[in-house]
Visitor: 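Just dropping this structure here.
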Amino acid sequence: MIFITGGAGYIGSHACVELINAGHEVTVFDNFSNSQPEALVRIERITGKKPNFVNGDIRDGSVLAEALKNSGASAVIHFAGLKAVGESVEKPLSYYDNNVLGTLRLLEAMTKCGVKTLVFSSSATVYGDPQALPLTEDHQLSATNPYGQTKLVIENMLRDLYRSDPTWRISILRYFNPVGAHASGLIGEDPQGTPNNLLPFVAQVAVGRREFLNVWGNDYDTPDGTGVRDYIHVVDLAIGHLKALERLRDHQECLAINLGTGIGYSVIDMIKAFEKASSKVIPFKVAERRPGDIASCYADPSFAMSTLGWRAERSLEDMCKDGWRWQSSNPTGYSHS
Ligand code: NAD
Ligand code: WQD
């Protein structure tokens with residue numbers, strides 16, 4: 001049994017599907033602050049199995065410990081947290097509260113229940129402004145906003161915990177830019193309000209919910225002047241979690257591992273690929289750079305291969321086709337569909 005905080009969310013729901021398909025039982029713990037119960041219904045439609053579910057907040061230590069104990073889980077995958085960079089600048093305390101305090105409560109509950117295997121959702125944001133590309137795990141760590149700070153604090157907390165008790169088994173997965181959706185089109189990313197991230201915005205333009213895309217700057221030092229990122233298919237990412245759990249079965253360690261493809265695509269590359277996948281035109285306007293953005297960011301994914309035997313298999317075309325299938329069959333996401 002695997003206990004999954006934030007399992008109703010974008011990445012968590014895809015991880016649930018891969019875990020269930022691989023024969024694991026899962027218990028989802030989520031407060032639906034950024035997700036919908038319908039995601040759990042869809043997981044059941046895809047896998048034929050209903051995930052166990054507890055509605056709760058990870059900051060509520062006693063509810064969490066009770067749920068973890070009752071689940072009988074041997075490991076935890078911890079997705080729950082807030083993730084919007086801009087919002088974290090406006091509301092830093094919410095981010096420290098949800099992400100840092102929530103994780104602290106989770107680690108206390110795990111200690112109490114004797115569950116010492118954890119896969120944690122970190123982010124390439126912990127590399128700050130890249131000093132060298134591709135990014136390897138030993139690149140210096142820094143944060144340029146409160147969201148990134150919370151990921152850094154949590155990473156440090158996990159390393160300290162492991163140093164104090166080396167019987168823990170911890171995998172810190174640093175995701176690059178997750179995009180796309182399950183090939184069924186039944187689950188996908190369902191941002192509330194205006195999407196912050198590129199692909200959900202592009203998808204909403206393609207489906208007619210928004211008129212045009214703002215391209216945040218075309219004067220970067222990149223081949224076409226627009227920002228370059230390492231986009232990774234969310235199903236590849238989800239499978240990375242399975243591989244991390246497999247490794248932790250026989251390793252007591254605390255390792256940080258990049259999950260990316262190693263390939264950088266520009267904003268213009270992404271627009272063109274999505275136009276092709278959707279057979280729609282994506283109107284765009286070039287606007288000022290978005291504050292805090294960097295020119296380029298992509299992974300060296302070789303450590304994931306040598307430690308987990310994992311590499312991303314899905315192409316840019318798959319990311320866009322699957323993302324479009326989800327968006328076009330659920331134009332307003334999980335609500336009203
Ligand atoms: P998401 O918002 O779709 O999923 C997070 C889930 O956690 C949601 O279902 C939400 O309701 C739940 N949640 C939030 N706070 C909670 C709390 N206090 N108690 C219980 N449940 C709570 O986000 P996602 O894109 O699936 O991201 C999952 C994790 O991966 C996050 O930790 C995020 O920081 C990290 N991450 C995401 C990205 C990305 O671009 N999507 C990139 C790198 C890292
Ligand atoms: C990608 C590119 C934008 C929107 C963020 C977080 C990071 C991680 C993933 C959680 C950039 C450009 C975007 C738009 C645009 N999240 N863009 N118009 O900024 O690489 O990473 O999400 O951990 O921490 O910072 O992703 O999708 O926002 O932007 O031109 O409307 O698309 O400038 O070059 P980013 P993104």
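Both ligands and their constituent atoms are indexed starting at 1 by order of listing.
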Visitor: Could you find the nearest protein heavy atom to atom 24 (P) of ligand 1 and give me its residue, atom name and distance?
Guide: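 Ranking protein heavy atoms by distance from atom 24 (P) of ligand 1, first comes Lys83 NZ, 3.8 Å.
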
Visitor: Return the closest protein heavy atom for atom 10 (C) of ligand 1 as residue, atom name and distance.
Guide: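 Going by distance alone, atom 10 (C) of ligand 1 is nearest to Asp30 OD1, 3.5 Å.
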
Visitor: Under a heavy-atom criterion of less than 4.0 Å, does Gly56 contact ligand 1?
Guide: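 It does, in that a heavy atom of Gly56 comes within the 4.0 Å cut-off of ligand 1.
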
Visitor: Report the C-alpha distance between Ser94 and Asp97 in whole Å, list the side-chain angles of each, state the deciding distance to 0.1 Å, and finish with yes or no for side-chain hydrogen bond (donor to acceptor under 3.5 Å, both in side chains).
Guide: CA-CA 5 Å; Ser94 291; Asp97 185 35; over 6 Å; no

Visitor: Please check if atom CZ in Arg45 has more than 12 non-hydrogen atoms from other residues, nucleotides or ligands closer than 6.0 Å.
Guide: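 Not buried by this count: 12 neighbours or fewer within 6.0 Å.
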
Visitor: Might you point out which heavy atoms bring Ala206 and Phe274 nearest each other, and give the distance in Å?
Guide: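 Closest approach of Ala206 to Phe274: CB-CE2, 3.8 Å.
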
Visitor: Please determine whether a side-chain nitrogen of the Lys or Arg among Lys151 and Glu155 lies less than 4.0 Å from a carboxylate oxygen of the Asp or Glu.
Guide: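 No, no charged N to carboxylate O under 4.0 Å.
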
Visitor: Using a 3.5 Å cut-off on N or O atoms only, is Gly9 in polar contact with ligand 1?
Guide: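 For ligand 1, there is an N or O atom that lies under 3.5 Å from one belonging to Gly9.
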
Visitor: Of the protein's non-hydrogen atoms, which lies at the shortest distance from atom 29 (C) of ligand 1, and what is that distance?
Guide: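 Nearest neighbour among protein heavy atoms for atom 29 (C) of ligand 1, to 0.1 Å: Phe79 O, 3.2 Å.
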
Visitor: Does the ring-ring contact (aromatic ring centres under 6.0 Å, His included) test come out yes or no for Phe32 and Phe53, once each step is laid out?
Guide: CA-CA 11 Å; Phe32 295 129; Phe53 174 68; 5.0 Å; yes

Visitor: Is it true that a side-chain atom of His24 and a backbone atom of Ile20 form a donor plus acceptor pair closer than 3.5 Å?
Guide: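 Absent.
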
Visitor: Is it the case that the ring center of Phe29 lies less than 6.0 angstrom away from the ring center of His78?
Guide: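 Centroid distance His78-Phe29: not below 6.0 Å, so no.
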
Visitor: Would you mind reporting whether Val119 and Val76 have side-chain heavy atoms less than 4.5 Å apart?
Guide: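 No - every pair of side-chain heavy atoms lies 4.5 Å or more apart.
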
Visitor: Can you report which non-hydrogen protein atom sits closest to atom 19 (N) of ligand 1, along with the distance?
Guide: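 Residue, atom and distance for the closest contact: Ile58 N, 3.0 Å.
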
Visitor: List the steps, then state whether ring-ring contact (aromatic ring centres under 6.0 Å, His included) holds for Trp326 with Tyr10.
Guide: CA-CA 12 Å; Trp326 154 252; Tyr10 173 45; 8.8 Å; no

Visitor: Can you find a heavy atom in the side chain of Met270 that is under 4.5 Å from one in the side chain of Leu213?
Guide: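 No. Closest side-chain heavy atoms not under 4.5 Å.
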
Visitor: Look at atom 38 (C) of ligand 1 and say which protein heavy atom is nearest, naming residue and atom and giving the distance to 0.1 Å.
Guide: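 Minimum-distance protein heavy atom for atom 38 (C) of ligand 1 reads Pro178 CG, 4.0 Å.
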
Visitor: For the side chain of Asp230 and the backbone of Thr261, is there at least one donor-acceptor N/O pair under 3.5 Å apart?
Guide: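 It does hold such a pair.
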
Visitor: For atom 3 (O) of ligand 1, find the nearest protein heavy atom and state the residue, atom name and distance (0.1 Å precision).
Guide: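 Checked against all protein heavy atoms, atom 3 (O) of ligand 1 sits closest to Tyr10 N, 2.9 Å.
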
Visitor: Go through ligand 1 atom by atom and flag the ones less than 4.0 Å from a non-hydrogen atom of Asn98.
Guide: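 In order of number, 15 (N), 16 (C), 17 (C), 18 (N).
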
Visitor: Measure the shortest side-chain to side-chain distance between Ile170 and Leu255 over non-hydrogen atoms and say whether it is less than 4.5 angstrom.
Guide: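 Side-chain contact under 4.5 Å: no.
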
Visitor: Indicate yes or no: does an N/O atom of Phe29 lie under 3.5 Å from an N/O atom of ligand 1?
Guide: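 So ligand 1 has no N or O lying under 3.5 Å from an N or O of Phe29.
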
Visitor: Tell me the nearest of Tyr95, Phe120, Tyr175, Phe176 to atom 30 (O) of ligand 1, using heavy-atom distances.
Guide: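 Considering heavy atoms of Tyr95, Phe120, Tyr175, Phe176, the nearest to atom 30 (O) of ligand 1 sits in Tyr175.
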
Visitor: Within the structure, is a non-hydrogen atom of Ser33 found at a distance of less than 4.0 Å from ligand 1?
Guide: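 Checking ligand 1 against Ser33, which is what was asked, there is a heavy-atom contact under 4.0 Å.
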
Visitor: Enumerate the atoms of ligand 1 whose separation from the nearest heavy atom of Tyr147 is less than 4.0 angstrom.
Guide: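 Per the distance check, 33 (C), 34 (O), 35 (C), 36 (N), 44 (C).
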
Visitor: Among the heavy atoms of Ser122, does any lie under 4.0 Å from an atom of ligand 1?
Guide: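 Distance cut 4.0 Å: Ser122 passes for ligand 1.
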
Visitor: Could you check whether the rings of His14 and His182 sit parallel, tilted or perpendicular, using 30° and 60° as the cut-offs?
Guide: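 The arrangement is tilted - the two ring planes meet at 30° to 60°.
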
Visitor: Counting from 1, what ligand 1 atoms have a heavy atom of Ser121 closer than 4.0 Å?
Guide: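 Going through ligand 1 atom by atom, the ones under 4.0 Å from Ser121 are 29 (C), 30 (O), 32 (O), 35 (C).
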
Visitor: For atom 17 (C) of ligand 1, what is the closest protein heavy atom, and at what distance to 0.1 Å?
Guide: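 Ranking protein heavy atoms by distance from atom 17 (C) of ligand 1, first comes Asn31 ND2, 3.4 Å.
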
Visitor: Within a distance under 4.0 Å of any heavy atom of Ala8, pick out the atoms of ligand 1 and give their elements.
Guide: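 Counting from 1, the qualifying ligand atoms are 9 (O).
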
Visitor: For ligand 1, note which part of Phe32 has a heavy atom under 4.0 Å away: side chain, backbone, both or neither.
Guide: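 Within the 4.0 Å criterion, Phe32 contacts ligand 1 through backbone atoms alone.
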
Visitor: Is there a donor-acceptor contact under 3.5 Å from the side chain of Asn145 to the main chain of Val89?
Guide: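 Judged by distance alone, no pair lies under 3.5 Å.
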
Visitor: For atom 37 (C) of ligand 1, what is the closest protein heavy atom, and at what distance to 0.1 Å?
Guide: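 The answer is Ile11 CD1, 3.8 Å.
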
Visitor: Below 3.5 angstrom, do we get any N/O pair linking Asn34 and ligand 1?
Guide: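 Yes - when backbone and side-chain N and O of Asn34 are compared with those of ligand 1, one distance drops under 3.5 Å.
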
Visitor: Could you check whether Lys49 pairs with Glu25 (Lys NZ or Arg NE/NH1/NH2 to Asp/Glu carboxylate O, under 4.0 Å)?
Guide: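 Glu25 and Lys49: not salt-bridged.
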
Visitor: So if I only count non-hydrogen atoms and take anything under 4.0 Å from ligand 2, which residues does that give, chain by chain?
Guide: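 Correct list: Val85, Ser123, Thr125, Tyr147, Asn177, Asn196, Asn197, Leu198, Leu213, Asn214, Val215, Trp216, Gly227, Arg229, Tyr231, Val267, Arg290, Asp293.
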
Visitor: Out of curiosity, is Lys151 lining ligand 1, as in a heavy atom under 4.0 Å away?
Guide: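 Lys151: in contact with ligand 1 (<4.0 Å).
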
Visitor: Are Phe79 and His241 close enough, and set up right, to give a ring-ring contact (aromatic ring centres under 6.0 Å, His included), and what steps lead you there?
Guide: CA-CA 11 Å; Phe79 294 105; His241 293 72; 5.0 Å; yes

